[in-house]
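Below, chains carry the letters A, B, ... as their sequence lines are ordered, and counting in each starts from 1. Just so you know, these numbers use all the heavy atoms, side chains as well, and skip hydrogens, waters and symmetry mates.
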Protein chains: 2
Amino acid sequence: MSYSIGQVAKMMGVTTHTLRYYEKEGLLPFVRKSGSGLRVFTDTDLGWLAMIECLKETGMPLKGIKQYIDWYQEGDATLQQRLDMFLAQKQKVEEQIALYRKHLDKINYKISLYEEAVRQGSWDKAMEARKLNEEKERRFGKK
Amino acid sequence: MSYSIGQVAKMMGVTTHTLRYYEKEGLLPFVRKSGSGLRVFTDTDLGWLAMIECLKETGMPLKGIKQYIDWYQEGDATLQQRLDMFLAQKQKVEEQIALYRKHLDKINYKISLYEEAVRQGSWDKAMEARKLNEEKERRFGKK
DNA sequence: AATTAACTTAGAGTTAACTCTACAAAGGTA
DNA sequence: TACCTTTGTAGAGTTAACTCTAAGTTAATT
């Protein structure tokens, strides 16, 4: 199967401008053109785009993605570099997930405070009540 | 305790430029100034900065953070908005974590391919071997 | 007291990643 | 064939979030 730039844009949820921009930045050296100059995307190209999306959405800048694609074009001599790149990306993503978890805890705590405050209709009253309750728990044991 | 802009910058791992920029964008309306015009950060201010960092690192744009701070300044009338904002952020972070996991799977798969290719010294040979192996497994059962 | 380091404001410059405009050419539809 | 949509190129403009410069002031150190 083959696809026009517009079809691919729709599939990926981006504009045709973005795809042409990616090409200009050297991210799509594999995409062929028809006799009259129209870009023709194949299913293999869609596979590449999926990888690009993966790297982009895990925070790799377009330059980094281009580096990967350049390495690919150079063949087996760059296998190690490409492996190292994926290993580094793996670590980055794992760290990112850990950071997100940590922040999620903070957000959940804030949510509990705000739920209390909304119930009371007052931030100060809710915080006061919370403080008194904590005091009680400290003196008589929890629950 | 109180801190200079330079001390705070160091603690947060940003530059003083960045902190002044945040102030200009309305993110630090709580920071006081000394008689001679120097910014004086308190421990409470550091608490605010920690919240700002949390929202920023979970992908909220500075404008969104400013909105939250503005709501805070308006008092109890905006408790619900602030709660809703944290609930939305919670969902965003959870979705982000799920997406990262999905991409991590793809990256791990790529790593396994590249580890094989590096061992063989050739991408094509490794893929060929992998294909044959899969064929065998299909015929005689796994492991 | 002199020097050096950190601070001040105002404003210009940078970077990444789009995003849009203009206008010509190609392709699909009635 | 006429028309309308899509695509093409080249290049300008936008946005967010810094990042830096200049020129002067304040604070800390020797």
Quiz item: To the nearest Å, how far apart are B:Leu28 CG and C:dT8 P?
Solution: 12 Å

Quiz item: Is the closest basic N to carboxylate O distance between A:Asp70 and A:Lys66 below 4.0 Å?
Solution: yes

Quiz item: Over how many whole Å does the gap from B:Leu62 atom CG to D:dT19 atom P extend?
Solution: 12 Å

Quiz item: Aromatic rings A:Tyr68 and B:Tyr114: how do their planes relate, parallel, tilted or perpendicular, breaks at 30° and 60°?
Solution: perpendicular

Practice problem: Can you tell me the distance, in whole Å, between the NZ atom of B:Lys24 and the C1' atom of C:dT8? | Solution: 13 Å

Quiz item: In terms of heavy-atom contacts, does CD of B:Glu94 have more than 12 from other residues, nucleotides or ligands at under 6.0 Å?
Solution: yes

Quiz item: Of all the nucleotides listed (D:dC18, C:dT19, D:dA16), which has the minimum atom distance to the side chain of B:Lys63?
Solution: D:dA16

Identify each atom pair where a protein N or O and an N or O of nucleotides 2-8 of chain D are less than 3.5 Å apart, giving names and distance.
| unit_1 | atom_1 | unit_2 | atom_2 | d |
| --- | --- | --- | --- | --- |
| D:dT7 | OP1 | A:Ser4 | OG | 2.8 |
| D:dT7 | OP1 | A:Gly6 | N | 2.9 |
| D:dG8 | OP1 | A:Arg39 | N | 2.6 |
| D:dG8 | OP1 | A:Arg39 | NH1 | 2.9 |
| D:dG8 | OP2 | A:Arg20 | NE | 3.1 |
| D:dG8 | OP2 | A:Arg20 | NH2 | 3.4 |
| D:dG8 | OP2 | A:Arg39 | NH1 | 2.9 |
| D:dG8 | O5' | A:Arg39 | NH1 | 3.2 |

Quiz item: Rounding to a whole Å, what distance do you find between A:Leu27:CG and C:dA16:C1'?
Solution: 13 Å

Quiz prompt | Rounded distance [0.5 Å steps], CZ in A:Arg39 versus CG in A:Asp45 | solution = 12.0 Å

Self-check item: Nucleotide C:dT9, atom P - distance to CD of B:Glu25 in whole Å
Solution: 15 Å

Quiz prompt | Phosphate contact (D:dC18 OP1 or OP2) by B:Tyr22 side-chain N/O below 4.0 Å | solution = yes

Quiz item: Just how far, in rounded Å, is C1' of C:dA16 from CD1 of A:Ile65?
Solution: 12 Å

Quiz prompt | Shortest side-chain distance from A:Pro61, nucleotide among C:dG11, C:dT19, C:dA17 | solution = C:dA17

Self-check item: Separation of atom CG in A:Leu19 from atom P in D:dT9, rounded to whole Å
Solution: 13 Å

Quiz prompt | Interatomic distance, B:Met60 CE vs D:dA16 C1' [rounded to whole Å] | solution = 15 Å

Self-check item: Residue pair A:Glu95 / A:Gln91, side-chain donor-acceptor N/O under 3.5 Å
Solution: yes

Quiz item: If only atom types and distance count, is the side chain of B:Thr58 paired as donor or acceptor with the main-chain N or O of B:Cys54 below 3.5 Å?
Solution: yes

Quiz item: DNA chain D: B:Ser34 or A:His17, which has the more 5' nearest nucleotide?
Solution: A:His17

Exercise. Measure from the side-chain N and O atoms of B:Glu57 to the backbone N and O of A:Tyr100, and report whether any donor-acceptor pair falls under 3.5 Å.
Key: no

